[in-house]
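Order of listing sets the numbers, starting from 1, for every ligand and every atom in it.
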Amino acid sequence: YEADALAAIAKASNATELEAARIEFLGRAKGRLKDVQALVGKVSAEERPVVGKRFNEVREKVTAACEARQAELNQPKSKVDGIDVTLPGVAIRLGGLHPITQTIQEFRDIMARLGFSTADGPEVEDERHNFEALNIPADHPARDPLDNFYIAAAEKLSGGPKLLRSQTSTVQIRVMETTQPPIRIVSLGRVYRPDEVDATHSCMFHQMEGLMVDRGVTMAHLKTVLRQFVAAYLGSEASIRFRPSFFPFTEPSVEVDMRWRGRWLELGGAGMIDPNVLKAVGYDPEEYTGFAFGLGIERFCMQRFGVSDIRRFYDGDVRFLRQLA
Ligand code: FA5
């Protein structure tokens, strides 16, 4: 009886089956327990206490098993196709934005608040946009094939020399060729140079180009925009300085440095657009003036995140990238 009863209870897979097993084994009217009880009544008087005790034990055990099974069946169904859906799941790791992408988005937002919209240009450029219109003549050292990534295959297709742009200043020309002042744009993108790679130089990096052209634009506008931009990104305590410099496409020209780990780190170049450049795009330099700047995006990002080596950004090591995502 005991083994049969426990097996039937365990086998019951729903409330109806369990109730049937309960009636069969524990039912007061016709259940099999009644038969067992009847047998107990037949044993001799000496044996009765022992047999009676065993009878009670069995009854309690079967009753308890029945109740336990009932509680089990009342639990919410947790297994679906053999999988326990109440177990905690495996966390799905979501991807994050690359720190340079985050920086680009933030730069765009800051510059938008200063009234600059965004423009884009191609990464594979011709010599007019990368050099000529920027007042960089054919014999200028910046055009040395060893200092640029010329693309022989692209030249065959397009007929003229093509190169991976070495600066985002190309976009200045593209915008001025197609738009009339007033202009206030930034362009953020990749540039390529066969530079020797070290902690602060990569052969592919990003620049933010800024361009403002209108009547009466002066150096004071340039310095104010750059100071406001740096304060917005790195905090008002960040210190920058302007150093006289030279670029073929600006006059006067400056270099912009930032205080970094106890020394000055070059952020980029800037200046008032050279009249030759304004003429190359068909503007009258007597009517319009403008400023331009080109900043290295990685340098800012390194400062913000405390990254000491530019190569970390491009190693593709997710353990590093995840910390900045
Ligand atoms: C230029 O590229 C000029 N087009 C900037 C400019 C724009 C001047 C408009 C005037 C008007 P330069 O070669 O100095 O300038 O590069 C600008 C910045 O890019 C550097 O200051 C530096 O922050 C960053 N940079 C240059 N080379 C690398 C490199 N190999 N890796 C990472 N960042 C670099």
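Selection from M302, R193, E255 by nearest heavy atom to atom 12 (P) of ligand 1 gives R193. The option with the heavy atom closest to atom 16 (O) of ligand 1, from among Q207, Q167, H201, is Q207. For atom 14 (O) of ligand 1, the nearest non-hydrogen atom from the set E266, M258, M272 belongs to E266.
The A270 neighbourhood of ligand 1 comprises atoms 8 (C), 10 (C), 11 (C), with distances under 4.0 Å to a heavy atom of that residue. Heavy-atom proximity to E209, at under 4.0 Å, picks out these atoms of ligand 1: 7 (C), 9 (C). Of all atoms in ligand 1, numbered sequentially from 1 with element shown, those under 4.0 Å from a heavy atom of T250 are 10 (C), 11 (C). Atom numbering of ligand 1 starts at 1 in the shown order; those under 4.0 Å from a heavy atom of G296 are 18 (C), 19 (O), 23 (O), 24 (C). Close contacts of ligand 1 with I310, meaning ligand atoms under 4.0 Å from a residue heavy atom, involve 32 (C). Those atoms of ligand 1 that come under 4.0 Å of a heavy atom in T200, given as number and element, are 31 (N), 32 (C).
Each of L211, D120, V213 was checked for a side chain to side chain contact (heavy atoms under 4.5 Å, CB included) with I185, and the lone residue meeting it is L211.
With respect to atom 7 (C) of ligand 1, the closest heavy atom belonging to the protein is G294 N, 3.2 Å. From the protein, the heavy atom lying nearest to atom 31 (N) of ligand 1 is S202 N, 3.0 Å. Protein heavy atom in closest approach to atom 15 (O) of ligand 1: F247 CE2, 3.5 Å. Nearest protein heavy-atom contact of atom 6 (C) of ligand 1 is G269 O, 3.6 Å. The protein non-hydrogen atom at the shortest distance from atom 27 (N) of ligand 1 is F205 CZ, 3.3 Å.
Within the 4.0 Å heavy-atom criterion, the part of L267 lying near ligand 1 is the backbone and not the side chain. Here F249 has side-chain heavy atoms under 4.0 Å from ligand 1, and that is the only part of it that gets that close.
At least one N or O atom of G268, backbone or side chain, sits closer than 3.5 Å to an N or O atom of ligand 1. Backbone and side-chain nitrogen or oxygen atoms of D195 are examined, and one is located within less than 3.5 angstrom of a nitrogen or oxygen of ligand 1. By the 3.5 Å distance cut-off applied to N or O atoms, Q172 is not counted among the residues near ligand 1. Among the atoms of S169, some N or O lies under 3.5 angstrom from an N or O of ligand 1.
Salt bridge annotation for R312-D315: present, with a cationic side-chain nitrogen under 4.0 angstrom from a carboxylate oxygen.
Side chains of E17 and R69 form no contact here, defined as non-hydrogen atoms less than 4.5 Å apart.
The closest side-chain donor-acceptor pair between Q172 and E209 falls under 3.5 angstrom.
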